[in-house]
Structure formats: structure tokens, C-alpha cells
There are 2 protein chains.
Amino acid sequence: MKSDTVFKQAFNQTLDLLSAAGTGAALPSENALSADLGVSRTTVRKVLFQLAKRGYIAGQGRNRVVASAVPDGAHFPHTETIATAQQVEVHFMEWMLRGQAQPGTQINELELARVFGVGTTGIREFLNRFRRFGLIVKRPNAGWVFMGFTREFAMELFEIREMFELRSARALAQLPDNAAIWHRLRTIEQQHRDLLNEIDARYQDFSDLDNRFHRLINSAAPNRFIDDFYDIITLIFHYHYQWNKRDERARNAVAIHEHLEYIQALLSRDLERVQAACSLHLASARATMLAAFDAA
Amino acid sequence: MKSDTVFKQAFNQTLDLLSAAGTGAALPSENALSADLGVSRTTVRKVLFQLAKRGYIAGQGRNRVVASAVPDGAHFPHTETIATAQQVEVHFMEWMLRGQAQPGTQINELELARVFGVGTTGIREFLNRFRRFGLIVKRPNAGWVFMGFTREFAMELFEIREMFELRSARALAQLPDNAAIWHRLRTIEQQHRDLLNEIDARYQDFSDLDNRFHRLINSAAPNRFIDDFYDIITLIFHYHYQWNKRDERARNAVAIHEHLEYIQALLSRDLERVQAACSLHLASARATMLAAFDAA
DNA sequence: AAATTGTTTTTTATCGATAAGTGAAAACAG
DNA sequence: CTGTTTTCACTTATCGATAAAAAACAATTT
């Protein structure tokens, strides 16, 4: 049976909307809510029906109003709003990075299904999608093997990353003056400066900024295969940042300075300088990740 | 229920082995057969049991011999030896390239399942794996959309291909003299010359040779992400060759000449020349594919 | 003792069923 | 007649069951 996480999440979001609107306020139309919450109107109606049943809203049809303040425990628990497929991803990454999953470990679908509390179909589907990250390999009729998040994996990942990013940086530097990207580049430059000013308090925000910065560069000349590859980078870095906390503040400060020089290079449109700044930053990022392997 | 295609294929292969050995010959051990056929010993035993039941082999345990010539109709039909998952791939590519699948077409899991004669799980698994080829996109809870095998898709594909292959060709040219690859390069060079000599009769063999040649170049400096990408190339080209028959003989002859020059360049170890030959060939391959779009 | 065969236990591939969710036509209100 | 709600037919997400295939273990044979 399908889980009703979509409904529960929409329900919780609508609860927040009610609180914001306050008692007596009229509700938006079902269509408006549907567009707002990003779910079908069918689900919106289910939410509205439940809200009415609990007395948080009153009225019928187009005369619905907020009837009472929403009590504290009205929301569904956060865990019930996460689709099975997403739960599997989180669990699996945890299992892989934190657990004692050695290279060569066999992955047992049934066991994972039991441990994660989902059906085997969910596991199977996840593994099939996850395969493209290059960390697991399938042997037909005989299960999956975990290849290990190894130094070699990181090296191969970075080789492609450098190839792609140099290409995108070059393309970006050659865009015309009136391209929308220059404004976005200035914006993200400012965000770097802001972060640098509060580096002691906010250094953990760098992970997200880093991701947005590199995706911006890749958006200069879109290519679906490069975008796809960036999903891999994002995932790996996301979990790597959670896992490797050593010297985090210092590392991030260095990276921000490299980004700023990289941005200056792009703004200058000097191809030589762009390539130099790009290579320098990527080499440094690679060294950081490889150092984590040597330490472990 | 799992289909028994593994068994049926192993059965057919063993039948051929019996014919080759001739009546009275002793059978290899179960372990040897298992390694030979690439299936588990469990399956080998099932095959042997069925062969004995039909009277093609006689004797027990380690004293089994070929008992009689295998009649003509003894094999399982070819279609029964193809796993569901593979059937889906063939059907789907057919549907996509030959059928009237326009960009933006919705893909209906249930309908495909009916048309292809498999369960929905099989379709779902295929679509999830096929997603990485960049031709379909998923909208959660609302099915898949076919993006179209468009000119743009081909351009993006080729951009990456050229990046990767130039990198691999450069790496290959810099390998030491005693690397095993030089011998393999000479071998494949000869295969090109052989094909060229019989081009009128065998021009259709080029597709396979082309694939092996480019994979050989990529094997010079292995990278799992490049290997993965080459799976996409292989699949697309495989079906493209089946679909675009216009001027096939002439196109293939040109490509063989380009390969030969490319090989000479590699053997010469002259980086400039390698890059020139590689670029020339890839540009020509790209033009060929794009021409197919303009014609359609 | 090493290789081979016999037996049992695990694990994967595949199907069908069903509640949750979507989308669009039909009905309705202002 | 335009925007909204009602209704309903169709689709996806997810589970559990089951036969096929693999793997592990035990018993023989040379």
C-alpha cells in the first residue's frame, strides 16, 4: 500500500498557514492551495476535510474560514512525512559511511528491508537508482556488492569534476555582458563576503554555499549529463561534510578565499586567470578530501 | 515468481556442448560446467537432471556420458531464454525510437506492463535504471515523461563524449612502450583492415568493431564514471545503427578510414596528431548522427 | 587430502493486490 | 461565462508471497 506521506506533509504545511492567517481569516481556494503546496487538489481536499473534522476550520465550499487556533500537538510527526524512498536513502548513506561497511561487503536486500523497516521493493528500487553513484555494483541473480568509498573512488570523481568545471568556467567567462549570470555571480560573491565576516559563527553554512556556487558555474552552459554528474558530487560532499569535521572552520575559510579569487577571475573575463583560479581551487578541494582518507 | 531463463539458457548451451562432444563422451564435472556456463552449480544440476530425464545423457554422479545425439527441436525457444528485464529494454527502445513517441509523451507504467507482457515492477525497475540515460524524467507520484531523442540530446551527448575521449586518447598515447594496450591496438587495427577488405559483404559488422575500438581507448586510463557514460553511448549507438540505414555502407567505410588514421596517430605517440585524428573522427561521427535528425 | 557430488539454507526476481494520489470532466455559484 | 467545487476514472507507491537461482554445508569418492 502507498504511504500517505504526501497528505501528512500537506496537512502540516496547511496547519502553519492557518496559524499565520489567524482565526476568522478566509481560506484560499482549493486551486490556490494546490499550487501553493505542490500537491494535487484531491490531496488538498483530503486535508481540508480532516481540518474541518478536527474543528480547525469551519464553513463549506468557498466560504471556509479558520475556526480556531491550532494546538501544539496537531502536526503529524516529522518522520511520518518522509516517503519510504527517501527514508531508504538516508538510512543507506548512514549505513555506508558510518557503519562498518568495508569494500567488498555484500548487500542483502532482505536484511536491509528488515533493518530499515520497508519492503524489499523499496530497497531494490533504491539500489537501482543508487547504482549510478558508482559505489555499488550488481551481480545478476546474486545481489549487490559495496565497492567502498575509497581514495580511488574520490580520485576518479575529482578527475571528472575538474574536466567538467574547467569547461563550464571557460564557457561562463565567454558569455556576453548582458547575460543574467553576471548578476547572479555578484550576488553569490556578496554571500561569500557575508559568510566570511561571520565565519566563526556560521562556518557550517559553507557546504550549502559551495554547492550553489558550483551549480551556478555549471548552469552557464547546461548539459544534462553534467547536471546529472553534479548530483553525485552533491551527495558525496553532503555526507562527507557531515562526516569529516576536522579543521572544518579553517578549511572553509580557505575555500571561501579561493572562491572569491575564482569569482574575480570570472568577472575579469581573462581566460588564463579563470583556468588558474579554477584549477587551484579544485586541486585544493581534492587535497582536502584525500587528506581525510589518509587520516582514517 | 522468478522466471527460469537462466536455466533454459544454460540448458541450451549444454545441449550444444553435448553435440560437440559426441555420443559416448564423458561429461565434465559439475564445477567445471558451472564455471563454463557462468551459472551456479544448483542450476547445472537442474540442467543435468533434465538432460538425463530426456535421455540425452546417461549414468550417475561422476560417471555421466553423452547417451544420444540431440534432436533438432530439443532447445528451448530463444525468447524463453531472455530475462524479463532484458525484454523490457528491447521493447522500450523499440517503442521509443520506432514508435511515435513524441517529446513530452507521458509514460504509463501499467499500460507498458500490459503491452510488454510483464509485471509493473519490471517496468518500474527498468525506468529507474533507464533514467540515467537522460531521455526520461520522473515527476513524483505522477509518472514519467519522455523527453525525446532530440537533436539537443545528441549534441549534449557528443560534447561529453568528445571531452572524455580526447582525455583517454591523450592518456593512451603517453603509456609506456611495454604496456599491453599496444598489442591490442595492433590487433584491432588488423580487424579494421580485414573489414575494409570485405566492406561490401560485412559493412554491418562495423557497429560492433566501433564499440570495441572506443572502449579500448577508454580502457587506457580507467575511470568508472567514464565507463558508465560509455554504456549510454553504446546503447544509443546500438539502436541508432539499427534505425538509421541511410548510406550505411559509405558511412562505415569513411569511419574505418578515420579509425585507421586515429590508430596510426596513437602508435606514433605524437600528441598533436592524436588530438587532430581524434577530433576529426568524433566531429564526423557527430555530423552523421545530426544529419539523421535533419533528414527525419 | 583434494576434488566432486549430495543436501540444505539464503537470497533474488517477479507477480498481483490495494490504498494513496493525480487529473480532468461535469456540475455549480456568483 | 469564469472561476470554483464535486465526482470519478485512472496511475503510482508499496507490500507480501512464491518459484528460481545462488551459496553454504555435509558427505563421498578417487
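Only heavy atoms go into these numbers, but all of them, side chains included; no hydrogens, no water, no symmetry mates. The sequence lines fix the lettering, A, B, ..., with proteins before strands; numbering per chain opens at 1.
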Student: The side chain of V39(B) lies closest to which of these nucleotides: dG6(C), dT22(C), dA22(D)?
Tutor: dA22(D)
Student: So does T5(B) get a side-chain nitrogen or oxygen closer than 4.0 Å to the phosphate oxygens (OP1/OP2) of dA20(D)?
Tutor: no
Student: For dA23(D), does the base pair up with any side-chain atom of S40(B) as donor and acceptor (N or O, under 3.5 Å, distance only)?
Tutor: no
Student: Would you say the ring centroid of F225(B) lies under 6.0 angstrom from that of F153(A)?
Tutor: yes
Student: Quick one: on DNA chain D, does Q106(A) or K138(B) contact a more 5' nucleotide (nearest heavy atom)?
Tutor: K138(B)
Student: Between P on dT11(D) and CG on L112(B), what's the gap in Å once rounded to a whole number?
Tutor: 11 Å
Student: For L110(A) and S3(A), take the nucleotide of DNA chain C holding the closest heavy atom to each; which residue's nucleotide lies nearer the 5' end?
Tutor: L110(A)
Student: Are the side chain of N12(A) and the backbone of F76(A) linked by a donor-acceptor contact shorter than 3.5 Å?
Tutor: yes
Student: Taking donor-acceptor contacts at under 3.5 Å, does the side chain of R62(A) reach the base of dT5(D)?
Tutor: no
Student: Sub-3.5 Å donor-acceptor pair from the side chain of Q106(B) to the main-chain atoms of V145(B), do we have one?
Tutor: no
Student: If you assign G122(A) and N108(B) each to the DNA chain D nucleotide with the nearest heavy atom, which residue ends up on the more 5' nucleotide?
Tutor: N108(B)
Student: Round to a whole Å and report the spacing from CD1 of I57(B) to C1' of dT5(C).
Tutor: 14 Å
Student: For I107(B), report the nucleic acid contact type (base, sugar-phosphate, nothing); a contact means any heavy atom under 4.0 Å.
Tutor: sugar-phosphate
Student: Return yes if some donor-acceptor pair links the side-chain N/O of N128(A) with the main-chain N/O of E125(B) below 3.5 Å, else return no.
Tutor: no
Student: Can you tell me how far P of dC15(C) sits from CD of E125(B), to the nearest Å?
Tutor: 10 Å
Student: How long is the line joining CZ of F76(B) and P of dA20(D), in whole Å?
Tutor: 12 Å
Student: Using the six-membered ring wherever Trp is involved, compare the ring planes of F11(B) and F7(B) and label them parallel, tilted or perpendicular (cut-offs 30° and 60°).
Tutor: tilted
Student: Is it the case that dG16(D) (base atoms only) and T120(A) (side chain only) share a donor and an acceptor within less than 3.5 Å, ignoring hydrogens and angles?
Tutor: no
Student: Is it the case that the side chain of S34(A) and the backbone of E30(A) share a donor-acceptor pair, with hydrogens and angles ignored and the cut-off at 3.5 Å?
Tutor: no
Student: Is the closest side-chain heavy-atom distance between I107(A) and F92(A) below 4.5 Å?
Tutor: yes
Student: Return the 5'-most residue of the pair T121(A), P140(B) with respect to DNA chain C, ranking by each residue's nearest nucleotide.
Tutor: T121(A)
Student: Rounded to the nearest Å, what distance is computed from the CZ atom of residue R139(B) to the P atom of nucleotide dT11(D)?
Tutor: 13 Å
Student: Considering every strand and a 4.0 Å limit on heavy-atom distances, what is the contact class for T84(A): base, sugar-phosphate, or nothing?
Tutor: sugar-phosphate
Student: Evaluate the side-chain proximity of T23(A) to S68(A): yes if any heavy-atom separation is below 4.5 Å, no if none is.
Tutor: no
Student: If I take atom NZ in residue K2(B) and atom C1' in nucleotide dA21(D), what distance separates them, rounded to the nearest angstrom?
Tutor: 4 Å
Student: If I take atom CD in residue Q9(A) and atom P in nucleotide dA20(C), what distance separates them, rounded to the nearest angstrom?
Tutor: 17 Å
Student: Is there a residue in residues 24-38 of chain A whose heavy atoms reach under 4.0 Å of DNA chain C, and which residues are they?
Tutor: none
Student: Has R41(B) got a side-chain N or O lying under 4.0 Å from the OP1 or OP2 atom of dT5(C)?
Tutor: no
Student: For M1(B) and dT18(D), give me the distance from atom CE to atom P, rounded to whole Å.
Tutor: 12 Å
